[in-house]
Every structure is written in structure tokens, then in C-alpha cells.
Amino acid sequence: MKAVIIGATSGIGREVAIRLLEEGWTVGITGRRTAELEAIKQKYGAGKVFTATMDITRDDATAALDGLLAALGAPDLYLHVSGVGYQSGPLDEEKELLTAQTNACGLVRLTSHFLNYIKDSGAYSRTHRARIAVISSIAGTAGLGAAPAYSATKRMQSHYVSALAQYARMEKLPVRFTDIRPGFVATALLASDKKYPMLITPQKAAKIITKGLKRGRRVIIVDWRYRVLVFLWRLIPRPVWERLTMISN
């Protein structure tokens with residue numbers, strides 16, 4: 001089995017890569033930090049790990065992905081993890097735009113390119129389907145005043161996955177989709193000086209994610225406590241939600 005993981009130098013992406021490698025997968029990993037990619041390759045071997053240094057906000061990210069696919073071969077799993085997010089103090093326009101550029105434009109750039117690879121490569125069929133999985137967030141459930149661009153782009157990611165799933169059916173493409181929605185995971189994305197409720201480790205998140213992917217889940221919420229929270233969030237009427245000021249990211 002083969003996987004490509006976009007954003008594997010730290011956090012959830014790195015832990016999923018390690019779990020798959022230890023289960024015998026061959027993995028292609030990307031990220032901006034070449035040294036971190038090479039450290040994983042050195043540990044698990046060049047025959048099991050293929051790397052590509054990539055910044056998903058740049059146009060040349062698709063060329064880097066093409067090079068990785070050529071070296072690895074057609075993957076069974078494409079997992080898009082790369083993303084950024086900031087909490088608002090004063091609303092920082094630069095950070096809001098960077099969040100949109102990374103989480104929205106970066107996602108569209110790479111996942112649409114890979115979907116076209118599925119369509120054009122001839123490597124897939126009814127008996128060899130690909131899976132595209134995207135790390136979105138439970139933050140996409142409703143707009144969070146503490147992180148406007150982050151929650152908005154995470155909602156967009158979930159909708160984009162849904163739209164691509166419909167597009168793939170329209171085009172009869174051999175691909176399935178998974179929307180992965182974590183809650184608070186102890187990664188560099190979270191501010192280190194704050195305490196977060198129901199915080200889970202990247203290792204636990206990776207375990208839940210890989211288990212859900214093996215079962216072919218369309219949506220994976222990490223973990224069960226967040227499934228309850230999301231259910232309750234959805235019961236709150238919009239006018240009430242917009243008046244809440246204790247919700248923070």
C-alpha cells in the first residue's frame with residue numbers, strides 16, 4: 001500500500017506517516033522543512049520513504065507533487081494535512097489572508113491536481129480506487145469569533161470535499177473521500193501559553209484517523225467527545241450562537 005501525505009514534517013501528518021510506515025506502507029511525504037523530511041527517510045529507508053519539499057501556497061507545489069508521484073507510483077491514499085490557523089487578538093489582516101491562502105487555495109491547488117492525476121494517469125480502476133482524505137476541523141461547524149479565517153476555511157474544506165465527491169461521481173472516477181475533523185490536538189497550531197479542553201496527543205489522533213481510514217469512513221471526528229460537542233453545537237440557533245462570547249478556539 002502507498003500513501004502521499006501533504007504536510008508530514010510535524011503534528012498529525014508526521015504521526016500518520018509513522019504509523020503507516022510501521023504497518024508496512026510505502027509513503028511519500030511533503031513539507032517545507034527538508035531536514036525533517038530527510039530525518040524520516042533516514043530512519044525508515046529510502047525505499048520506503050519518498051520526499052518532496054513543498055510550500056502549498058506556491059504555484060510550483062503541483063510540480064513537486066508530480067515529481068513525488070513519479071517516484072512513488074500511484075498511491076492508494078492521498079492525505080492533505082497542511083494548514084495554518086491563528087487566534088485573533090486584534091484582527092490581523094495578514095494572518096487572516098495567509099490562513100485563507102494556505103487552507104483554501106493550497107487545498108484546492110493540490111487536491112484538484114491529484115484528482116486530475118487520478119483521472120488522467122490510467123493507474124486506477126474499479127478494482128484499484130484511490131482515497132482522498134482531508135484534515136479539516138470541528139472548527140468548521142460554526143463561525144468562531146476567536147479564529148474567523150480558520151473556522152471559515154475549515155468549513156470550506158469540508159464543503160470542497162463534498163463537492164469533489166459529487167464531481168467524482170459525475171465523472172465516474174475511481175476515488176473515495178474522507179473528511180477528517182479533529183478537535184484540539186497538541187500540535188504547534190495551538191498557542192503554547194493556553195490550556196485547551198479535551199486536548200489529545202497527535203499520536204492518539206493518528207491512531208483514530210488511520211483506524212477510520214481503514215474502515216473507509218466518509219467523515220472521521222477525532223474523538224468521540226467532539227462528536228458529542230459538534231452535535232450540541234448544531235442545536236444552537238444562529239442568532240444565539242452569534243451572541244455567545246465565551247467560545248474560543
Problem set entry | Working for side chain to side chain contact (heavy atoms under 4.5 Å, CB included), residues Phe177 and Val134 | CA-CA 8 Å; Phe177 294 84; Val134 173; over 6 Å; no
For this session: Check whether Val4 and Leu110 end up in the same hydrophobic cluster, where Ile, Leu, Val, Met, Phe, Trp and Tyr are linked by side-chain heavy atoms less than 4.5 Å apart.
Result: yes
Exercise. Are side-chain heavy atoms of Leu229 and Met198 found at a separation under 4.5 Å?
Worked result: yes
Exercise. Within a radius of less than 6.0 Å around NZ of Lys207, do more than 12 heavy atoms belonging to other residues, nucleotides or ligands occur?
Worked result: no
For this session: Quick one: do Leu21 and Lys48 satisfy side chain to side chain contact (heavy atoms under 4.5 Å, CB included)? Show the steps, please.
Result: CA-CA 7 Å; Leu21 285 164; Lys48 297 296 292 183; 4.1 Å; yes
Exercise. Same cluster for Ile5 and Leu72 if Ile/Leu/Val/Met/Phe/Trp/Tyr side chains link at under 4.5 Å?
Worked result: no
Problem set entry | Whether Arg169 side chain and Ala165 backbone form a donor-acceptor pair below 3.5 Å | no
Problem set entry | Results of ring pair (Phe, Tyr, Trp, His ring centres under 6.0 Å) for Tyr226 - residues two or more places apart only | none
Exercise. Are any non-hydrogen side-chain atoms of Leu77 and Trp25 less than 4.5 angstrom apart?
Worked result: yes
For this session: Give a yes or no on whether Arg58 atom CZ has more than 12 heavy-atom contacts from other residues, nucleotides or ligands under 6.0 Å away.
Result: no
Exercise. Just checking, any donor-acceptor pair under 3.5 angstrom between side chains of Ser10 and Glu36?
Worked result: no
Exercise. Can you check whether Ile118 reaches Arg129 side chain to side chain, under 4.5 Å on heavy atoms?
Worked result: no
Problem set entry | Stepwise salt bridge (charged side-chain N to carboxylate O under 4.0 Å, His left out) check, Arg19 with Glu15 | CA-CA 6 Å; Arg19 285 190 69 87; Glu15 294 304 323; over 6 Å; no
Exercise. Just how far is it from atom CD1 of Ile132 to atom OH of Tyr78, taken to the nearest 0.5 Å?
Worked result: 7.5 Å
Exercise. Are more than 12 heavy atoms from other residues, nucleotides or ligands located less than 6.0 Å from atom CD of Gln42?
Worked result: no
Problem set entry | Results of ring pair (Phe, Tyr, Trp, His ring centres under 6.0 Å) for Tyr160 - residues two or more places apart only | none
Exercise. In the hydrophobic clustering (ILVMFWY, side-chain contacts below 4.5 Å, transitive), which residues join Leu235, or is it alone?
Worked result: Trp224, Val228, Phe231, Leu232
For this session: Please answer whether the main-chain N or O of Gly143 pairs with a side-chain N or O of Arg155 as donor and acceptor at a distance below 3.5 Å.
Result: no
Problem set entry | Heavy-atom pair of closest approach, residues Lys41 and Val49 | CE-O, 3.6 Å
Exercise. Can you check whether Ser136 reaches Arg181 side chain to side chain, under 4.5 Å on heavy atoms?
Worked result: yes
Problem set entry | Atom of Pro75, atom of Tyr117 and distance for their closest heavy-atom approach | CD-CE2, 4.2 Å
Exercise. What class does the angle between the rings of Trp241 and Trp233 fall in, given that below 30° is parallel, 30 to 60° is tilted and above 60° is perpendicular?
Worked result: perpendicular
Exercise. So, does Asp179 use its side chain to make a donor-acceptor pair with the main chain of Val219 at under 3.5 Å?
Worked result: no
Problem set entry | Atom pair CG/NE2 of Leu69 and His113 - distance to nearest 0.5 Å | 7.5 Å
Exercise. Roughly how far apart are Leu20 CG and Thr26 OG1, rounded to 0.5 Å?
Worked result: 10.5 Å
Exercise. So, the side chain of Thr153 versus the backbone of Tyr150: is there a donor-acceptor pair under 3.5 Å, distance only?
Worked result: yes
For this session: Quick one: closest heavy-atom pair of Leu199 and Val185, and the distance?
Result: CD1-C, 3.8 Å
Exercise. What heavy-atom pair brings Thr53 and Arg32 nearest, and what distance separates the two atoms?
Worked result: CG2-O, 3.6 Å
Exercise. So with a 6.0 Å cut-off around CZ of Arg176, is the heavy-atom count from everything else above 12?
Worked result: no
Exercise. Do you know the tightest heavy-atom contact between Ala168 and Val175?
Worked result: CB-CG1, 3.6 Å
For this session: Taking the side chain as every heavy atom from C-beta outward, state whether Thr187 and Arg14 have any pair of such atoms under 4.5 Å apart.
Result: no
Exercise. So Ile56 and His80, side chain to side chain contact (heavy atoms under 4.5 Å, CB included) or not? Walk me through it.
Worked result: CA-CA 10 Å; Ile56 68 169; His80 191 101; 4.0 Å; yes
Exercise. Heavy atoms, side chains only, cut-off 4.5 Å: are Arg218 and Ser162 in contact?
Worked result: yes
Exercise. Given side chains that start at C-beta, do those of Thr9 and Leu37 come closer than 4.5 Å, heavy atoms only?
Worked result: yes
Seminar exercise, completed: Taking every heavy atom of Met54 against every heavy atom of Leu65, the minimum-distance pair comes out as CE-N, 3.7 Å
Exercise. Counting only heavy atoms not in Glu94, do more than 12 sit closer than 6.0 Å to its CD atom?
Worked result: no
Problem set entry | Hphob cluster co-occupancy, Val16 + Tyr44, side-chain heavy atoms under 4.5 angstrom | yes
Problem set entry | Of Asn103, Val108, Thr111, Ile135, the residue whose pairing with Gln157 passes side-chain contact (heavy atoms from CB on, under 4.5 Å) | Asn103
Exercise. Is there a side-chain contact between Ile209 and Leu213 (heavy atoms, below 4.5 Å)?
Worked result: yes
Problem set entry | Atom pair CD/OG1 of Gln101 and Thr57 - distance to nearest 0.5 Å | 4.5 Å
For this session: Report yes or no: do Val222 and Ile18 belong to one cluster of Ile/Leu/Val/Met/Phe/Trp/Tyr joined by side chain heavy-atom distances under 4.5 Å?
Result: yes
Seminar exercise, completed: In this structure, CG of Leu79 is separated from OG1 of Thr178 (nearest 0.5 Å) by 9.5 Å
Exercise. Checking side chain to side chain contact (heavy atoms under 4.5 Å, CB included) for the pair Ile180/Ile12: CA distance, chi angles, key distance, verdict?
Worked result: CA-CA 11 Å; Ile180 302 166; Ile12 292 174; over 6 Å; no
Exercise. Got a second to check how far Leu164's CG is from His159's NE2, nearest 0.5 Å?
Worked result: 13.0 Å
Exercise. Linking I/L/V/M/F/W/Y whenever their side-chain heavy atoms sit closer than 4.5 Å, directly or via other members, would Val84 and Met156 fall into one cluster?
Worked result: no
